[in-house]
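Report on one structure; see the data block that follows.
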Amino acid sequence: MEYLNQNLESLRQTFQTFVGAVKDSRGGVLAIVPSREGSPSATCQGQWVHSAYDPRKEAQSWAEQQVREWKEGELGVVLGVGLLYHVEALALVKPPDSRLAVVVPDVSVFKDAAGARPLGSWLNTIQWITGTPEEMAEQLASQSTPLRFFTYGPAARLHVEEHQRLETSLRRIMASKVGGRLHVAVVGPIYGGSLPIAHYVVSALNELGHRVSWLNHNVHQVSYEAFGSFREERHRLTLQSRFADVLSLSTMAHMAEDPPDLVLAIAQAPLTLAVLQHLRKKKFLTAMWFMENYRHLTYWRQMAAGYDYWFVIQQGECLDALKRAGAAQVHYLPMAADLTVHRPMTLTAAEQQEFGGDVAFVGAGYSNRRALLPRWVSNEWTFKLWGNEWDGAANLSSVLQRNGARIDTDTCVRVFNATKVNLNLHSSSGIGLDAQPDFVNPRTFELAACGAFQLVDERTLLPDLFTPEEVVCFRRTEDVRQLIRTWLTDTAGRREHAEASRRRVLRDHTYRHRLQELLVAVGLNQPDRIGSILRGERSTVQLKERAATVPELVPLLSRFPPGQRVELKDLAADIRARAPGRQLAREELLVLMLDSYRAEKKDLI
Amino acid sequence: MTQRALLIQLARLGDLVQTIPAITALKEAHADWIVDLLCPAHLEGIGRVLPGISTVVKWDGAAWNRRALLAEKEFRPEHVVEADADLRAIAKEPYDYAFVLNQHPRAILAGALLARESIGTITGGPLEQKLSPWATYVRAVASDRGENRIHLADAFCGMCGVSPPKHMMPMQVPFASLPLDLDPIGQSDGPWVGLLVGAGDQERLVPVTIWARLITDCLNSLQRSRIVLVGSEQEEERAHSIQTALPPSLLGRVWDTTGRLSLTQLAVVLTRSQVVIGSDTGPLHLAAAVGTQVIGWYFARARVHETGPYGQNHWVWQAAETGGEEARLITPHRWPIDETIALLSHQATASVTDWSLLTSHRDRWGAYYVQAGQEPIAPFQREAVWHELHPSLV
């Protein structure tokens, strides 16, 4: 108690409210255990929060590792409270002119720390961030300096959920503020369901004002399929795999010729682990948006360590599994809709006739759909089934449209618009509802964006994305017929849900939102690189201000529009373009020399 | 008035050594000039002993790399200021002339930054990339091949605006003590044969088994001979593999220096060898420069008429091209092992399928090679080239 009072007394002057909250808290989250060396250590639920041997030494070594990344002027933000040994160690080695903040999701833990040992005057130099995760995110987002996060794992694991909520909230807040222009290379798949999403991603990045290099491997689909025509599987797989290697290499050649700030791969992008490792060696940042069910498509196990950032549509075990497989950064990023594609439409009578109906389902013939959809065909309503891979589904042949041909996106959107009740049944390999119903498929967002009414099978991640007033869920297959019956007769209710769900998409679930969040997530981890670009810190204006000591550079910088981001390669390209017929200034030669070394570093092939 | 000239050679050891004739010729033509050398920092030791060089200016490529990495992450005007300060530290006043002997952009930019006038591989501004007549010639022979062209080292002279040197003296190697256990090298009866175990490019590597056979046969044939394995740190494993393949009874006559010598110590070891064998590598040219006879095995992309060891009385086995574009990269199917040993034993050499043996000579137009056993009649094509490219010098 003596330590607690002393420590809180020293804090009272500066952090009165915080001290009050600590005093009022119950404490007792941590069990204080003496370490071998004598100083107090702690456990929580049987696991050590600090070293059992020497917590100070362990904290020093942790701090020394963290501080290498910490740039002057950044606000260091520590996740994980424990007994604050690590915070103390970091406070001692922090760069000059940098400040340190600690996220305190539960003041009880702080109370345990303050009661365990005397804390020094450094306590008053720390900014203590408390409140709900959303409130803490607001506090951090309001800082004028770039944030640099440091996670002290053993203590941070006590509040994983709070930290995830804080990060999500922070990403959203920051996403609305960012303004710089990045160069993003989007690497798409050769074919498949993620291909249209790659297009949406490219559009969203363009809309956000970033420069996009679109590596569209779909142009190689014919060749890829031709290699798949060999009878022997061994031949087929070898050739297709080698072909994917060549495409991977061609991606690298693109990177070498026009180096991006970020390489964003879309699920099934043909990038091999070797190429990813080579890109990392050459200091390229890579990210993968894996919009697949990680339980079914498992190549992430081999690729996990290859990408710097993973974005996935599942949470919980999916995040842990990727981290175990070697992924350094894994973030949840649900699907979305593209408002220029998925939109309400006014259909002609003929279109209404062709695409419309009481009930419809659009999708491929997975086994659970083959088993369940026939139960929902009825004489009470018209039913239309759209999509391919329905061969052999005799009990659905009467409702199958266009003989089971593949349906393009435009037709999908027309069907969504023309149908009273759109069924949205997530695929699974069983015969019932998905046994592990977590992620939310793109269709959910696309239907909502179209202002269409949908009945969707319940998903654990859906409540965070849509409310029951926006999207109607079913938990049991036997409820669906009654739900159809009910909603077919409730035109106004359907309209209210559909409109509410569209409003929700407009507010929260477009690809624009997702890409902003993705870039901010990368920016928060790279405050001095991607982060600084997003904050617009590399504009001509800022560089000109900095160039006060080199006035000769000002004319070079003045050639770029004030708000434009200027990099070394841009300056060099401009000098080269204007070189013929004139004598180059010394500063121009120096820029070219620097650029020749930069170019060599990016010489990938 | 004394002129200050900077000779810029930012390539590898072999190119730096091949620059010696140009330096010698420049000093012959302009005895009162101060000629400095700009070379990669790690070659400074060799640069210092090149005849005719006043000061060696080190090019710190690693520092430029670090700076470029930072500038790429976030360009700041300070990067330009720092780069400028570094350059001013190595050359306070601009040189009157820079002789730029590489076509690499950074050598050309270095010339533009450090001197009032650049001469050498390009004409015009540093970005114009208009090759000088001599650089055009070098590029053309590299693609056309053929015999009796101007040697690269003499083409360097042409780029500097001077004829090949009248006199070439062996490079004077400064005293450098060797590690104690290696000090006996070359100090007793021999012959001591230096063997260059590696090469900068993978394609120029002689297989380990071939080197092992050559060593075995050499030590068996020449009773008092010793073999000195020469190579860098990266070649230690290769040297170890070679020794593993040798009969244990011969190991006492093999001296492994790989990874243990500085460049100056390397020059000492090459001086103490009576003959040095290897593919077209920097140490082979260094051996020739210090006055040691060399036997080169030229294959892959190496061509004796362009980059044969400079000087007189060197031997080169040149693998034959078999025609076609892909043949430019010559991969020998057999190696002139017995024939090389015959050379070491001063015996007549038999001809070898797919290889020809050439010997080096020098005249006023520079170095040239002729087939072994033939009269050293200077090929007249070289004179014609000098007439065409540099009529004022002829």
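Throughout, protein chains are lettered first and strands after them, A, B, ... in sequence-line order, and every chain is numbered starting at 1. Note that this is a predicted model, so its numbers are computed, not measured.
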Given B:Glu128, B:Arg67, B:Arg76, the one with more heavy-atom pairs under 4.5 angstrom with chain A than any other is B:Arg76
Which one, B:Leu87, B:Leu113, B:Ile108, B:Val81, leads in non-hydrogen pairs under 4.5 Å with chain A?
B:Leu113
Using non-hydrogen atoms and a 4.5 Å limit, figure out which bit of A:Leu584 sits close to chain B: side chain, backbone, both or neither.
side chain
Could you look at A:Leu594 and say if it's the side chain, the backbone, both or neither that has a heavy atom under 4.5 Å from chain B?
both
Taking NE2 in B:His240 as the centre, count heavy atoms belonging to other residues, nucleotides or ligands within less than 6.0 Å. Is the count above 12?
no
Once rounded to the nearest 0.5 Å, what's the spacing between atom CG of A:Leu271 and atom OG1 of A:Thr251?
5.0 Å
Examine whether an atom of B:Leu127 lies under 4.5 Å from a heavy atom of chain A, and if so say whether it belongs to the side chain, the backbone or both; otherwise answer neither.
side chain
Donor-acceptor side-chain pairing of B:Gln234 and B:Ser232 below 3.5 angstrom:
yes
In terms of relative ring orientation, are B:Phe75 and B:His79 parallel, tilted or perpendicular, with 30° and 60° separating the classes?
tilted
All heavy atoms of B:Thr2 vs all of B:Asp96, minimum pair found to be O-OD2, 4.3 Å
